[in-house]
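The structure presented is a predicted model; accordingly, all values stated were derived computationally and were not measured. Counting starts at 1 for both ligands and their atoms, following the listed order.
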Amino acid sequence: MLNIGCHLSTTKGYAHMGREASSIGANTFAFFTRNPRGGNAKAIDPDDAAVLRNHLETEGFAPLVAHAPYTLNPCSTKPRACEFAREAMADDLVRMEAFPGNYYNFHPGSHVGQGVETGIELIAETLNAVLDPNQSTTVLLETMAGKGSEVGSRFEELQAIIERVDLSDHLGVCLDTCHVHDAGYDIVNDLDGVLGEFDRIIGLERLKAVHINDSKNALGSHKDRHERIGQGSIGIDAFARIVRHPALRALPFILETPNELDGYAEEIRLLRELSSK
Ligand code: FE
Ligand code: FE
Ligand code: ZN
């Protein structure tokens, strides 16, 4: 069975997210570990967390893919922003232990003119500062579209970060289909070629999750505008190949398409159907 879900809001608590996921046919989901644009994190209610843990176990959920706030930039030119990235990630990783054994995905960062080499160094420094040998969470670097000065739009850049991290056993990669497409990887006409390149440069054993989004823009546009499944430049046939691909089909798939809950339920149903054909 395809492991699929979407991004859910934490506003009604953790247990509620589990029930909401099940109600739309999902068996995984994503959520922001704190306000995606600000920095405040509400303490996790242990009873609420326990109800979600129980739900995940009894319903046989695949690993969840939590998302770090967008504002987190470990390679900013502003020392306060780099400090926030460190504090927020370290704190999120402690909080993630309320739900052991899941994934924590983050955007590697934007080097804002310092150059990609410096960006890679600063991101690796942050990971070296926050990873704990005893954590049960795997931290995922997300593949980026290469908008502005984003680091991580090339597989080589992600690998360069991973190589500089001491506790790299706790690292993996989340492949965002909109982002890799916008970065110039042709997953529409050459999915095998792209995954082969991922394997040669990073290693497919690092690939832990997929953000499954169509794209409003053309291959290599470096734009990062998500579209509903089948309504963008990636298209439904490519998604059928993606959810059936032997290197991908067992991973958690997370929808980040412009939708409300009923739209997500429909995309989940569609992708489950495509995966089982
Ligand atoms: Fe993301
Ligand atoms: Fe994404
Ligand atoms: Zn995106």
Worksheet entry | Distance, nearest 0.5 Å, that separates NE2 of His179 from CG of Asn213 | 6.5 Å
Worksheet item: Lys78 and Glu83: salt bridge (Lys or Arg N to Asp or Glu O under 4.0 Å), yes or no, with the steps?
Response: CA-CA 9 Å; Lys78 300 187 185 100; Glu83 212 177 290; over 6 Å; no
Worksheet item: Does Asp214 use its side chain to pair, donor to acceptor, with the backbone of Ile234 at less than 3.5 Å?
Response: yes
Item to complete: Give a yes or no on whether Glu260 atom CD has more than 12 heavy-atom contacts from other residues, nucleotides or ligands under 6.0 Å away.
Response: no
Fill in: Residue Glu142 atom name (nearest to the Fe ion (ligand 1); N/O/S)
OE1
Worksheet item: For the Fe ion (ligand 1), what is the closest N, O or S atom on His67?
Response: NE2
Practice prompt. In plain terms, say whether Arg269 and Glu273 are close enough for a salt bridge, that is, a side-chain N and a carboxylate O under 4.0 Å apart.
Written response: yes
Worksheet item: If you stand at the Fe ion (ligand 2) and look out to OE1 of Glu256 and ND1 of His211, what angle do those two lines make, to 10°?
Response: 80°
Discussion item. I'd like to know if the Zn ion (ligand 3) has an N/O/S atom from Asp224 within less than 2.8 Å of it, counting both backbone and side-chain atoms.
Written reply: yes
Item to complete: Flag His107 as yes if one of its N/O/S atoms falls below 2.8 Å of the Fe ion (ligand 1), otherwise no.
Response: yes
Worksheet entry | Atom of Asp176 closest to the Fe ion (ligand 2), considering N, O or S atoms | OD2
Worksheet item: Can you give me the NE2-the Zn ion (ligand 3)-NE2 angle for His179 and His226, to 10°?
Response: 110°
Discussion item. Can you confirm if the aromatic rings of Tyr104 and His67 lie within a centre distance of less than 6.0 Å?
Written reply: no
